[in-house]
Structures are given as structure tokens and as C-alpha cells.
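A short write-up of the structure that comes next.
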Amino acid sequence: MIDEKKALWIYKTMKEIREFEETAWTLFTENKLRGSVHLYTGQEAVAAAICSQLTDEDYITSTHRGHGHCIAKGARLDFALAELMGKATGYCKGRSGSMHIADFNKGNLGANAIVGGGLPIATGAALAQKMQKKNHVTVCFFGDGASNQGTFHESINLASVWKLPVIYVCENNEFGMTVPVSQSTSVRNISDRAKGYGIPGETVDGNDVEAVFDAFARAKERALRGDGPTLIECKTYRWRGHWTGDPETYRDREVTEEWREKRDPISLFRTCLKARNLVSDAALDAVDTAVAEEMRKAVEFAESSPEPDAAHVMDDVFYEG
Amino acid sequence: MIDEKKALWIYKTMKEIREFEETAWTLFTENKLRGSVHLYTGQEAVAAAICSQLTDEDYITSTHRGHGHCIAKGARLDFALAELMGKATGYCKGRSGSMHIADFNKGNLGANAIVGGGLPIATGAALAQKMQKKNHVTVCFFGDGASNQGTFHESINLASVWKLPVIYVCENNEFGMTVPVSQSTSVRNISDRAKGYGIPGETVDGNDVEAVFDAFARAKERALRGDGPTLIECKTYRWRGHWTGDPETYRDREVTEEWREKRDPISLFRTCLKARNLVSDAALDAVDTAVAEEMRKAVEFAESSPEPDAAHVMDDVFYEG
Amino acid sequence: MAVISYAQAIRKVIAEEMRRDERVFLMGEDVEKLGGVFGTSRDLFKEFGTDRIRNTPISESAIVGAGLGAACAGMRPIAELMYWDFAFVCADQIFNQVCKTRYVFGGNAIIPLVIRGQQGTGRGNAATHSQSVESIFMHIPGVKVACPATPADAAGLLRTAIRDDNPVCFFEHKALYITKGEVPDDPEFSIPFGEAVIRREGSDVTIVANLLYVSRALEAADELAKDGISAEVIDPRTLVPFDYETVEESVRKTGRLVVVHEAHQVNGWGAQVITEVGKRAFRYLDAAPIHLGAKSCPLPFNLALEQAVIPSVKDIVDACHAVSYR
Amino acid sequence: MAVISYAQAIRKVIAEEMRRDERVFLMGEDVEKLGGVFGTSRDLFKEFGTDRIRNTPISESAIVGAGLGAACAGMRPIAELMYWDFAFVCADQIFNQVCKTRYVFGGNAIIPLVIRGQQGTGRGNAATHSQSVESIFMHIPGVKVACPATPADAAGLLRTAIRDDNPVCFFEHKALYITKGEVPDDPEFSIPFGEAVIRREGSDVTIVANLLYVSRALEAADELAKDGISAEVIDPRTLVPFDYETVEESVRKTGRLVVVHEAHQVNGWGAQVITEVGKRAFRYLDAAPIHLGAKSCPLPFNLALEQAVIPSVKDIVDACHAVSYR
Ligand SMILES: Cc1ncc(C[n+]2csc(CCOP(=O)(O)OP(=O)(O)O)c2C)c(N)n1
Ligand SMILES: Cc1ncc(C[n+]2csc(CCOP(=O)(O)OP(=O)(O)O)c2C)c(N)n1
Ligand SMILES: [Mg+2]
Ligand SMILES: [Mg+2]
């Protein structure tokens, strides 16, 4: 159940993600940001509701659309933005940019620019947790498109056979790049694939914080009980194009508008909090202000940060002890 | 339905496979055959019942345990045995041996020594058949172990989305090498995985010719109707070790004995034919004699065939026109 | 002769070959409405339909394997990999299946399959979207390997690739798509495999380069000319088959050899060329050949870092000075 | 010092390291009751249980990826590939994930992962079970590469691999498993990476070889001695890091270099060694170095054909004669 403290945390996290993504968008249009940038705007409820139930000892793996997961798993906006701008002060020293961002110290095993690439890695992290008899879980985020990669199949089968404490979270945002799910995927609900692995599968409204929260709570409990993985499908939608340069010729603007207006996860959550009388409007407004300020500082920090020194470009290929 | 002609064909084919495999075993123990040899003995009903419904225009892909499929798809025993012995007269000029045997002219797109390697290839052959508007199907044989490879997932999803005329036939012989299915596979019936692809899945007794025949007939009809793939799981058992050198420490000899004695697909088929009064005992005995003679000649042919000429070892890397 | 871009040249040849031969079709991720990330199939679905310009799921092993199967069954597929880095995702289907099928089955299979895609640096795509992997395809036998550096070569080599009855891996470079050049209008225009081209004649040093590095080598040659060093620039165009003869002949003349590519230097194809040509023309070599390629670290996101990993024009100039002892 | 086989040496070190450090575990296909196809983990499940000697499904991408994830999360996994040919099945997890994780994440990940398996010819395993693929692992940066040629090296290098905090790809050769040799009993015995060993001293020609070809090079050296040619045989033992210094020093002495391996010759690691050492010792070279490796065709099943594809002892002898002009 979401209590006041969690509610505030989730709200703040969603706000941070939203501010971060929309700022990244602006910076991109201003040519201050480059490379392949995939924005998470519209999907905030998933990362926030799930990561609100994780500690630094729990792991996640993330995707090319990874800023949201990264922030929800505890990353600071300034270091994250610096990374997107390729600065020396970024989480990965300017080497990863948007597509491979990670704060390893917070249990984020990384964004992954290979679609489906993170699933085996998450599975292995959960294997370690189980072998170490730790009371922690790993969450594996991936998209609808990734659910058609071989690694999806191999990983979930392995985790099921070994009863690993891993939760596979598919964010079905209706498209893999420009391809609609119906053109790429042989089931209506990706959670139906759970049946092929003898594990529970559940489809929830990914824009409904509470629905995601509850489904994940069940899955986490199961994982900690030692009963193995769960597949959760969160149906959602990305507001922006697939990447910052996407002409979006493959989908209807009206549909996108409708998602923005009627199904904004942040507005929906505010309404829900109000209905439950859990957090005051004033408190939420205070969050808005604080996050805006945090973001402003992050931009300042990232813009004024130095470029990495090319003399160190060969560092860190290997750990030298 | 199996008529007299088909019944005789199936019986003869099973007999050919059995003779071929047991001869290969003997030759191996006599050091006349080498390399990785995986025998099909005990699984004959699957290949024979299915291939009895195929023409040379229909394709199959096969596996490391591929002699049965190859023979059922029309290969001659002599050229096949010559290939196993690495002779110049073998189907593949002595280059493939047991693990990559194929008679391309008969629509056999080849054994495949990579577990799961054949699934995408079969899918592509079916795509060609569909694009060419041919009234033919592709059959993809693979094992229980292969059902945990990523290619299984990618291929079946693709075939389902594209409604390709391909039938995926999983021969579940209880083990992937030395690993029991329960230790590697997260579902009891591999056919349950069909649900993850929105296609029919069926599990049948793989030692019962009629059961396999009927299930395949349904699947083929569906494929030709343009409704897409089917996943058929044939539960069966290999009599011999995984490969010719297998110490078989991982399974009970008694269980193997029971399969041999009570569930021999050839005996079962004979009993069934008798019960139905479809083919006379005399006719079947005549087949036995003829196959034994064919095998004897094949051994003679293979043994007396020349070794390939090393001067041509670089031929055929590319087609020269 | 129209002046068109490298991307347009590719699109043009795909369209022409699809018109000419109905067995030819294109499949890959986002090839339909998007027309590929770089527009190499833009709007082609309008002419050819979605049956022949076929969007796939994100399943590279199935894409390549289906290409192989369809080729064995009489089609002439073009399978597109969005980035050549994803060849690792489907490496078994390429190296164990496509490369070996014809040979192991005794020469009975005919496999007219083109696998094409783009690779390389220049767009800040970082470690898993910026690699140059062509050397591996030369190491594992069984596929031909083409690397066009100009719009005309893209057109001419791609036509040869599509008409070849063997599997061809076709490496485009993402930074070249927008470059323009003259391309013959003739829908039969093709360039045979295995014929290197001398991009610039010279007498003092031979530079061998492919893809993006052809233009960088030419830039270096301009620089070198200022210092009185006359560089000959050779573009092999295909790595399998490789035209060692043209390089050998050049080295017999110049006595000096520099090979440069964007692929990693260690075990890159340049070492092979140096070894083979070194053997053929040893007595003519006045200096140890130099091999330039990407440093042994992943490609970083930051543009300056990325450039620090791959050879610069200055690196090429310096190498030519070094082999010339001046 | 006990005389044990190469397979036993590997098994011994796995067991010792698992006893010493409970974070070490082994996973792979058929490693439990079968103990691996070549017995390298025979009966170990009896001591360590099936939690730490862990049978996997036939899912190589999951095996390697799970190794990476577990290593990032504090374990020290040994992931076994039954044949190195299957690296292509999981190439993305190796080359795009294992190789790049530490670097792209800014050096924050520590990845003590060993991926090991066997490769090579000799058992009639044909095209997809007989390849030697180590050159590719040297081309793509991010993993260390070890290639033991003797039981002692197998033991010493494997211990270093397991204790290394970086990913190591460990290439065993199937034909070496039954070879025997002295292996120190000391459970701390290890061999540092990056140190080549001179297997035989000589003054006329330098032969560099790895894995099975170390013994073939030594056979060739015996032959050559009969003809009065004194061959020095160097085994690099690890390809990443590579000890160019030892080879360079030898070539400065002999003036002649032959590199031989079972991996395909074209773009094989021998070309890299020739290029690098050629550059360092050019003035000392009396002849063009020769590079021997497998021909550019898949490995055939038939034993005589297989042998025709890979270099023979005679090929090595002939190459040494050629570089010696006698
Ligand atoms: C192996 C691989 N194939 C293709 C791509 C190119 N690509 C990047 S994101 C993407 C779409 C992913 O779709 P989905 O998994 O649904 O995630 P979403 O972008 O919708 O969040 C594609 C095709 C890639 N990065 N990796
Ligand atoms: C990719 C790959 N991994 C592992 C192997 C080694 N191997 C060969 S057969 C086999 C077991 C296959 O089991 P299954 O698919 O059930 O077929 P069966 O042998 O039972 O007919 C294994 C692990 C292989 N050949 N290819
Ligand atoms: Mg999506
Ligand atoms: Mg099986």
C-alpha cells in the first residue's frame, strides 16, 4: 500500500523524470545535446511506482529509454544530465551518453542500447542475490519490442527453472520504434507469454501508479518467498517520438494528444492522491517548485562542467586493481 | 487418414531408419565411423509419420540427431551412410558427416549441429513458400533442449505474425544431452509455449504413428489454409545414449528398457496395422527383408567408396556460376 | 549521370533490382514506413507493398536466418541490420549458418542473400552503435564482403551483391549517407567484386583505406603533397574477394605502405593486408608498413573522445611521414 | 609435482578456487553429472553441490549474460561454453555486454567473470564444432584472452583468470585434454598474463604458435634441426595482453618470423603479430614473415580433409625453410 511518504516520493520522482526529459528535449532542440536520445515522458508511473519499493541493494537493468529508470533508482539529475551532455562529471565520464547511462552505486546495472540485452544480465544479478542468500530482488525493465528477442525467452525460462528473485517488467508503449505491436508481436497481451514459463503474468495500466505498485508488490513478495520470477506488462505510451529526431509518420497525433490529456500519469496520480486525501496540494506544489529548482541547477552544473580529457580515453577498459 | 500405401511407406521408413541407426552404432563400435554421432533409434514414428505427408517441394530442417529426418525425407541409405563415413560419395562429399547431413534435392535443408540453429531457417523457407504462393509447407524438427534457445522464440513469433506455412515439431525425448527436461525447461508440456505466440499447440504420443500423423495433418491443413504455424510436441525417448560415447550415468537403465520393450514405435505400429487389418504380416515381413538387404548394400557401398580428394577441399565455399 | 547521395544510390538500386526480379525483397526493422533509419528504403513500400518491403520484429537471428532459409528456397532476400553492431546478436546465423551452409552440404545450396546495414562513428551513438566490424567477416570464410566509399560504388557494388548467387555482407557507413556523387543512371551499372580502385595516384607511399577512411586518406594525401610526398590512395572496395594485386603493384612502386581503417587496429584487416603484401613485395619495402585503426577500447559517446579513439587525418599524415623517414 | 592431464589440471584449479572462495561457481551445459564433455568438472557437484556446479538450459546468451550479471553483483562466475563455436550464439552478450560494461559505465563495474570452453580440430566434429575463434576476442576490446598449451599452463593461467577482476576468455583445445604433464601441487601456483614463454631456444628462425600448434611447432623445430636450422619456439600464452617484447627480442636475434595457429589465417592474430613485430624489428628482418593458419573454408568432417585445411608440421617446416632461403 502506498503511504504518505511513498506517495510523496513517487510524485517527486515522476516530476523529476518529467522535468529531466522535457529539459533534455529542449536542450536537444537547442543543439546542446546530441546522439541517440529516447525520452521516457509519459511512462513515469512505471519506473517510479516500482523503484519506490526498492533499496540500493536491489538491482535494476534498464534500456535505451533509460533516464526514467536511472532517476527512479536514485540518480542525481545533475550527474545524469552531465552524462547526456558527454561531460567529464557525468555518471560515466561522458562515455555512455543517454543510451548506456548508469549509476552502479545505486544498484542500477545500466541502460542497455541493445534491445533485449539487459534480460540475461538481470537474471544473473538475481542469481547472485539468491546464491548470496540476500533478501533482495532484481527488476528487469524492457519494452514490447524487446519481448521478441531471444534473450527474453532464454532469460525468463532460466529464472523460472532456478526460481530467481527477478521481476520482468515489460513497458508496452504500443511501438517498437515505428512498428506497432500488432505488426511485430504474436500475442495481444505480452504477459500471456508467462504461461510458456510456468510463472504468473499480469497486465496492468502502466499509467496508474497504484496498479503498477500493487502488481509489483505481489511480484516482489513472490520473489522474496523464493517462488521465482513474475512477468508484469505495463500498458503505457510515450509522448515523444521514438527518438528525438523521429518524424512520427507512423502514428496518429490525435491518439498521442489523447494520452497526454486524459492519461498523464502525473495528473492521474495527483487526482488519486487528492481523492484519498493522502498528500495536500500544497505539499505537491512544493515538490513541483523544488524539482524545478533542482533541474535548473542540474542544467547549470552540466553546462558548466568540463569536457572529458582525451588523454584518459583508454582508462577503465580493464580494472587495474 | 493412413491408407494401405501410406502405412507401408511409414513402416518401411521406420524400418530403414532403425536399420540405419543400429548399423551406424555397430560401425561406430567397430571404429569404422567417427565423430559426433547422435542416433534416432526409438523416435522413428515422428519422422516417418510426418514425412509421409510431404512431397519433395515441402521443406524440412533437421538437427544433430538428423539421420531419421533425412531418410524419411527421401535420402538413400547408401549415400547417407557414405556421408557418415566421410566418403566422397556421401551426400555432402564427406564434409558434413553425421551432424550436417542433408539431401538438398529432396527438400531437406539440412541437419544443424547448432541446437536451435534450424528454426529461423525453416521460418525463412516457409516465408519463401508463402511469397511464391506455393501450396507447400516447411517442417521444422527440433528437440526439447532447443526449445530453450532464443531462436525458438524469435522464429515462432515471426511465423505467427506473418502466418507462415511452417509446422514446428518438438521431439521431447526427456533429455537435452544429460540434462532432464525438468532441470532445463520451465513448462511441463513444451506445447504450452504456443500460447505465447497465439498459435495452436498440441502434445502427442511421439511413439504412436497415428497420433503424430493426425496432429500433423491438422497442422498442415491449417498452414495451407494460410492460418499460420502450429507447435506440435511429440513425447518420445531415444534408446541410445545422447551420442555414441555417452556413459548414460544420468538415467535409469530400467526406464530405457521399458521404452524399448513396451513402447517400440515399430512394434506398436505393426500391432496397430494388424488390428486394423490394413497390411498383412507377410507384406511387412517382406519389407523387413528388403530393408535389411538395402542396408547390407549400403554398407558395402559406403565401405568401398573412395575417400574425398583433398585437392578439392576449397571447392564450394562459393558458388562460381 | 545524376548527382545523388549514398543513401539515395542504395535506395535506387534496391528499387531497380526489385522491379527487375520479383524474387528480390527487403526485410528488416522499420524498413517500411520509416524507410530505414537513414532513408535507404524510403517510400519503397508504396511501390512494392509491405509483402516485399517487410517490417520485422526486433529479432535479428530470425531476420538473418529467415533470409538464409528464403534464399535456399528460391528467393533473393535483402536482410537489413539496422546497425552492423547487431551482427553480434545474430552471429550464429551469420557465421555458423549463412557462412557454412553451401560448403557443408556439399555445394548443393545456392544462397543469394544480401545482409546489409550501416556501421561506424560520427553520430555519437556510443559503444554498441558505432563499431566497425567488417574484419570479422573476412576472418570467417563463406561470405563476400563489400565496403562502398562513394555513391557510385554503393550503387555498383550493391547491384553486384544482389545479383550474386552467394551471401554478401554489405557494409555501409553512417557518415557517408549524406555524401553526394555522380551515379550512372543505367539500371545495369555494376561494379565487379575483387577490383580495388586507385583513388589517387602517387609515387612515394601507398595508403590503403576503406569506407569513411577513403576520404580521410585523400585529405591526408592533400596534406602530404604540401610536404612533397606523393601518396597513392587505394580503396579495396571488397574485402572478400580482396584485390591484393593492385596493392602489391603500388607498393612495388612506392616501397611504403600504410593501411588505415575505422575498425579496431588489433587484428583488423589492415594487418592481413600488410602481412600478405609484405610477403609478396618484401624486397620492395623501404620501411615497415604501418597499420592504423581504432584503439583497443570501446567507442565512447563524447564526440571528442570518439575522435580520439579512431585514426585522425593527422595520424595518417604522420604514419606516411614515418614510413618515408621524413 | 604430479603428472596430470590438461583436463585434470583444469578440474583441479576449479575445485581449489571454489574451495578457497565461495563466490566462485561454475555454470554451463552438462557440467553436473556428466562433468562436462571432457570431464573438466567431473564429480565436482558431489563436493560443491548443484548450486555451485550448475547445469543450465541450452541457452548460451542467458549463460554468458547471467555470468555478467552475477559478476556485477559480487559473484565470481565461471561460465562454460561447451564449444567456443557457440560464442556466436551469444556473441552480443560477449562483445557488446561483457566487453563494454566496465568501460561505458565509467569504470564503475568490476567484472570477475571467466568464460571458458574448448575449441579446435581433431575429433571429426565438423564445421560448427571445430573452429578456433580466439582472434575475434583480441579484435574486440574488453576481455583478456588466455590460450594454455600445456597442463601446467592450463592450471597456472586458469588460476590467474579466476582471480582476475576482469572478464577473461579462456580457450582450451579439445585435442590437448588428454595430454599430460607436470603441474605444481601448490594451490597458489599461477602464471601471470602477458608473459610469453620460450618453449625452445633457437637462433635461426622464430616460430610463434599457440594451443595445439605449440607442439606442432616443436615437432617442426625437431625436423628443422636435422637440416641445421635452429628454430626458437615462442608460445604467447595470452593474446590479451600480448607479450610482443619477447617475440621482438627473438626476431632481433633470428631475423626470421613464422606465426602459426589453427585459427583461420586471413585476419587471424598472426597477421597482427607480424605487423606489430615487423614494425618494431623491421631492420632486423632478413625475410618476409610468414603467417600460417587454417585455409578460408569451413572445417570439413572427413579427417584427411580437416587436416588439409589446417597447417601441417610440414607447412611449418616449409615456411621456416622459405624465410631462411634454404
Ligand atoms: C538488438 C537491437 N536491435 C535493434 C535496435 C534498434 N532499436 C533501438 S530501440 C528500438 C525499439 C525498441 O522497442 P521497445 O523494446 O518496444 O522499446 P521502446 O523504444 O518502445 O521503449 C529499436 C528497434 C537496437 N538498439 N538493438
Ligand atoms: C548452441 C548449441 N549448444 C550446445 C550444443 C551441444 N549439444 C548438442 S546436442 C545437445 C542436446 C540437445 O538436446 P535436444 O534439443 O533435446 O535434442 P536431442 O539431443 O535430445 O535430440 C547439446 C547440448 C550445440 N550443439 N549447440
Ligand atoms: Mg515499445
Ligand atoms: Mg532432447
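Since the structure is predicted, the reported quantities are computational estimates derived from the model, not experimental observations. First the proteins, then the strands, lettered A, B, ... as listed; each starts at 1.
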Measuring heavy-atom distances to chain C, does [X] have an atom under 4.5 Å in its side chain, in its backbone, in both, or in neither?
X	value
Asn157(B)	side chain
Leu127(B)	side chain
Val313(B)	both

Does Glu221(B) have more than 12 heavy atoms from other residues, nucleotides or ligands lying within 6.0 Å of its CD? no
Please check if atom CD in Glu22(C) has more than 12 non-hydrogen atoms from other residues, nucleotides or ligands closer than 6.0 Å.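 No - once you tally the heavy atoms of other residues, nucleotides and ligands closer than 6.0 Å, there are 12 at most.
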To the nearest 0.5 Å, what is the distance between [atom1] ([X]) and [atom2] ([Y])?
X	Y	atom1	atom2	value
Lys93(B)	Phe105(C)	NZ	CZ	13.5 Å
His153(B)	Ser61(C)	NE2	OG	11.5 Å
Ile63(C)	Glu154(B)	CD1	CD	8.0 Å

Contacting region of [X] [heavy-atom separation from chain B under 4.5 Å]:
X	value
Asn96(C)	side chain
Val64(C)	neither
Lys144(C)	both

Minimum heavy-atom separation for [X] and [Y], please, with both atom names.
X	Y	value
Asp316(B)	Gly106(C)	OD2-O, 3.6 Å
Phe104(B)	Thr101(C)	CZ-CG2, 4.2 Å
Asp92(C)	Gly117(B)	OD2-CA, 4.4 Å
Pro120(B)	Ala62(C)	CB-CA, 4.1 Å
Leu158(B)	Pro57(C)	CD1-CD, 3.1 Å
Gln132(B)	Ala73(C)	NE2-O, 2.9 Å

Chain B: which of [options] shares the most heavy-atom pairs with it under 4.5 Å?
options	value
Val143(C), Ile58(C), Leu68(C), Ile111(C)	Val143(C)
Glu60(C), Met27(C), Lys100(C), Arg54(C)	Arg54(C)
Gly67(C), Ala109(C), Cys99(C), Pro167(C)	Ala109(C)

Counting heavy-atom pairs under 4.5 Å with chain C, which one of [options] comes out on top?
options	result
Ile101(B), Asp315(B), Asn112(B), Val161(B)	Asn112(B)
Ala111(B), Gly118(B), Cys92(B)	Cys92(B)
Gly150(B), Gly94(B), Ser155(B), Gly124(B)	Gly124(B)

Go through Val240(C) and Phe318(B) one step at a time and tell me if the side chain to side chain contact (heavy atoms under 4.5 Å, CB included) criterion holds. CA-CA 11 Å; Val240(C) 179; Phe318(B) 292 115; 4.0 Å; yes
Flag the pair Arg52(C) / Met131(B) as yes when at least one side-chain heavy-atom distance between them is below 4.5 Å, and no otherwise. yes
Does the side chain of Trp162(B) reach to within under 4.5 Å of the side chain of Thr56(C), using non-hydrogen atoms?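 In short, these two side chains touch, coming nearer than 4.5 Å.
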Ring-face cation contact, Tyr103(C) with Arg95(B), 6.0 Å cut, 45° max: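 Pair Arg95(B)/Tyr103(C) counts as cation-pi.
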Are Ile114(B) and Gln97(C) close enough, and set up right, to give a side chain to side chain contact (heavy atoms under 4.5 Å, CB included), and what steps lead you there? CA-CA 9 Å; Ile114(B) 296 294; Gln97(C) 311 296 338; 3.6 Å; yes
Is there a donor-acceptor pair closer than 3.5 Å between any side-chain N or O of Asn166(C) and the backbone N or O of Tyr319(B)?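 Yes; judged by distance alone, with no hydrogens or angles, the pair exists.
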Please check if the side chain of Gln93(C) supplies one atom and the backbone of Thr151(B) the other of a donor-acceptor pair under 3.5 Å.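 No: the side chain of Gln93(C) does not pair with the backbone of Thr151(B).
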